Amino acid sequence: MRILLTGGSGRLGTELRAELPAPGIEVFAPSRAELDITRFGTIPKILERYDPDVVVHAAAYTDVSGAETEREACWESNVGGTRNVVRALAGMKAKLVYISTDYVFWGDTGGYAEEDAPGPVRNYYALSKLVAEEVAQVRPGTLVIRTSFRPREWPYPVAFDDVYTSQDYVDIIAPEIALAVRHASSVPHPMLHIATERKSVYELARRRSQSVQPGSRRDSRVSLPEDISLDTRLWRTLKERLSKGRPPASASIG
């Protein structure tokens, strides 16, 4: 299997470059100078060079607060970049795996499952990722993975105790995504939620930072959800089968 990774120098991409390689699996992660998703002309050249079986599209604009003032850059990367990848893949057999976010949901009830209708969105970043999801799914057979992660170490002095999430640290999330990617061709679902259990952001922060202080989402410069946790039962069931070397069930959703 030959896997092409966009955004290989990003937070998730860096982890995936270490997690994805295995016997019989080659991983290619071109630099942005070689592969810039906002410049269409760079993509077909890379696809021709590596002829991948799977394309993991992880490159994205991910600054939630910055997206409110840098809307053009956010849209160009998340929506325009995804459109360019889909266009470049036309006529190729490669499986597209698009990395999306829990923010596509409004985030008031939590426990969102793959079949739940997304939106409305809370902020501009969420809007760009929701539209990009729709663009990615124009390509038949695309697998969308909704997830959420933090850097290996909690980077802020404050963490919100009134925001609930299923996100986790990137070194915990990346191996899960890598497992799904390695079996992407046989995953019988168009959408997977890959995350961990529901907890407050403050609870998550405390796991790796004893000095972090509780804060409130009301102090954020951007509108944030109350409970954006994901229902991960579909992934947990699939993961169990994959871990035991059993083929995924053929049932599908959506």
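If you're wondering where the values come from, they're calculated on a predicted model, not measured in any experiment.
In this structure a side-chain-to-backbone donor-acceptor pair under 3.5 Å is missing from Arg11 to Val170. The backbone N or O of Arg217 lies less than 3.5 Å from no partner atom in the side chain of Ser220, so there is not a single donor-acceptor pair. Checking side-chain atoms of Glu176 against main-chain N and O of Ile172 turns up no donor-acceptor pair under 3.5 Å. Of the possible donor and acceptor atoms, none in the side chain of Lys129 sits under 3.5 Å from a partner among the backbone N and O of Asn78.
Using a 4.0 Å cut-off between a side-chain N of Lys or Arg and a carboxylate O of Asp or Glu, Arg122 and Glu226 qualify as a salt bridge. Salt bridge status for Glu197 with Arg207: present, with a side-chain N to carboxylate O gap under 4.0 Å. Comment: Arg208 engages Asp171 in a salt bridge, judged by a side-chain N to carboxylate O separation of less than 4.0 angstrom.
Listed here is the closest heavy atom pair of Ile43 and Val85: CD1-N, 3.9 Å. Among all heavy-atom pairs drawn from Arg146 and Glu133, the shortest one is NE-OE2, 2.7 Å.
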**Request:** Apply side chain to side chain donor-acceptor pair (under 3.5 Å) to Asn123 and Ser223, showing your working.
**Result:** CA-CA 6 Å; Asn123 50 59; Ser223 178; 6.0 Å; no

Show your working on salt bridge (charged side-chain N to carboxylate O under 4.0 Å, His left out) between Asp53 and Lys93 and close with a plain yes or no.
-> CA-CA 7 Å; Asp53 301 294; Lys93 295 181 180 180; over 6 Å; no

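With sequence neighbours excluded, the residues forming a salt bridge (Lys or Arg N to Asp or Glu O under 4.0 Å) with Arg198 are Asp227, listed by chain and number. Considering only residues two or more places apart in sequence or on other chains, Glu15 meets the salt bridge (Lys or Arg N to Asp or Glu O under 4.0 Å) condition with Arg152. Here Trp75 pairs with nothing under the ring pair (Phe, Tyr, Trp, His ring centres under 6.0 Å) rule; sequence neighbours left out.
Summarising the geometry, atom CD1 belonging to Ile25 is positioned 5.5 Å from atom CZ belonging to Arg182; distances are rounded to the nearest 0.5 Å.
Tyr61 and Glu70 form a side-chain donor-acceptor contact under 3.5 Å, judged by distance and modelled atom types alone. Thr147 and His193 form no side-chain donor-acceptor contact under 3.5 Å, judged by distance and modelled atom types alone.
For residues 23-42, every residue pair satisfying the salt bridge (charged side-chain N to carboxylate O under 4.0 Å, His left out) rule, not counting sequence neighbours, is listed here: Arg2-Glu26, Arg32-Asp36, Glu34-Arg49. Pairs of residues two or more places apart, or lying in two chains, never qualify as ring pair (Phe, Tyr, Trp, His ring centres under 6.0 Å) while including a residue from residues 212-246. Among residues at least two apart or in separate chains, ring pair (Phe, Tyr, Trp, His ring centres under 6.0 Å) pairs with a member in residues 6-38 are Phe28-Tyr50.
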